[in-house]
Amino acid sequence: MFENVQAAPPDPILGITEAFKKDSRAEKINLSVGVYKDENGETPVLESVQAAEERVVAEQKTKAYKPINGDPTYGKNVRELLFGEGASLIDNGEAVTCHTPGGTGALRLAGDFLQSKAGIRRIWTSDPTWANHPAIFKAAGLEVAKYRYFDPANNGLDFAGMKAALEEVQEGDAVLLHACCHNPSGVDPNLEQWKEIADILNEKKALPVIDFAYQGFGKGVQEDAAGLRRVAETCDEFLVCSSFSKNFGLYNERTGALTAKSSTRDIASAVMSQLKLTARTNYSNPPAHGGEIVNKILGDQELKNQWISELDAMRERILEMRTLFVESLQKSGASRDFSFITRQNGMFSFSGLSKEQVERLKLDYGIYIVGSGRINVAGMTPSNLQQLSNAIVAVL
Ligand code: LMR
């Protein structure tokens, strides 16, 4: 049967790391996948995670299955992170949460639920968006449309274009938004713009689906949820897909959550029953370890404070690298103004480099970035910066 199977192309993001590993050049640099590295180029286990993990292992009595939607305390802790301490949506039953295998698991669960249970046929994604978004939603059987988002002329948000495109959204469509640290552009709407977006989607009777993979990497844990909270004030129904890969450094533990907000508790409970059915036929129930670590940290004020200060330190290091990167490009003689890089949020810098320039960086200099020109600033260190800048200036 298998002789008719055609080889698939490499993954546009994870496939780059596969190619990087095969490159024998000593001076190669991998700035493709969104993984945080410290100034020594390591991706360490956070100290708060290590402490929580020790307690989880010491206290564990069983490896029996988790509930299909995970532990109720996990859901509650996730909702508190999303909506803020004391928010009614934490406990009022209108918002329900499934513990999922990573943010990708949350997105796929969302896609499957929308397509097979909620009668939604089409989802709109920003242009550009994370390379895996369209693939996930297409795999779930949804039609994927694009709305204008990034303006290459000023390296900022094309808000007029975005609003015009959202006017085309039909009742019953879903619209994917990045809660903060837009991947790949690093360009986010401001709070007034979030309010306008929420109003448009509410008026159109479209469903906001919010991908929240970088909470804490933009301005801070609370600040980064401000756009989502604007949507929650305006729209009765929405979904949030959380990833804890980056902010807890739990990449390989596949730890995430899907939160669904409905207009009443009864509807929310029907939605949860269908989400559970959808999860059951997909991965059955979530992997326990990462979720237990997150739960331990969020449920213990001391560990939570430690985690927030570690997250603050990651964000500040990235901000410092942004400034140093722009300075070093200038020193290397860049003819272009790259100062916009300091205004972008999160792990990534959308450099404006063309596909050909990205290819030359790889072939001639052993520098691996994503084909769209996205550079992982969180992978830069003071020691690889000069080499990177020199190479970029050489391919400009
Ligand atoms: C990225 O965009 O690099 C990350 O979200 C990792 C991934 O799975 O693609």
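Quick note: numbers below take in every heavy atom, side chains included, and nothing from hydrogens, waters or symmetry partners. As the structure lists them, so they are numbered: ligands from 1, and atoms in each ligand from 1. Keep in mind that what you see is a predicted model, and the values were worked out from it rather than measured.
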task = Kindly determine whether Asp337 and Ser339 satisfy side chain to side chain donor-acceptor pair (under 3.5 Å), including the steps that lead there.
result = CA-CA 6 Å; Asp337 175 16; Ser339 59; 2.9 Å; yes
Residue pairs involving [range] (criterion salt bridge (Lys or Arg N to Asp or Glu O under 4.0 Å); sequence neighbours excluded):
{"range": "residues 281-309", "result": "Arg55-Asp300, Glu59-Lys296, Lys66-Glu292, Glu80-Lys304"}
{"range": "residues 181-205", "result": "Lys163-Glu196, Glu167-Lys204, Lys195-Asp199"}
{"range": "residues 146-157", "result": "Arg148-Asp158"}

task = Please lay out, stage by stage, how Tyr368 and Asp23 fare under the test side chain to side chain donor-acceptor pair (under 3.5 Å).
result = CA-CA 10 Å; Tyr368 290 70; Asp23 190 328; 2.6 Å; yes
Enumerate the pairs of nitrogen or oxygen atoms, one from ligand 1 and one from the protein, separated by less than 3.5 angstrom; state names and distance to 0.1 Å.
{"residue": "ligand 1", "atom": "2 (O)", "partner": "Trp130", "partner atom": "NE1", "Å": "3.0"}
{"residue": "ligand 1", "atom": "2 (O)", "partner": "Asn183", "partner atom": "ND2", "Å": "3.0"}
{"residue": "ligand 1", "atom": "2 (O)", "partner": "Arg374", "partner atom": "NH1", "Å": "2.8"}
{"residue": "ligand 1", "atom": "3 (O)", "partner": "Gly34", "partner atom": "N", "Å": "2.7"}
{"residue": "ligand 1", "atom": "3 (O)", "partner": "Arg374", "partner atom": "NH2", "Å": "2.8"}
{"residue": "ligand 1", "atom": "5 (O)", "partner": "Lys246", "partner atom": "NZ", "Å": "3.1"}
{"residue": "ligand 1", "atom": "9 (O)", "partner": "Trp130", "partner atom": "NE1", "Å": "3.0"}

task = Might you work through the side chain to side chain donor-acceptor pair (under 3.5 Å) test for Ser185 and Gln344, ending with a clear yes or no?
result = CA-CA 7 Å; Ser185 74; Gln344 297 168 334; over 6 Å; no
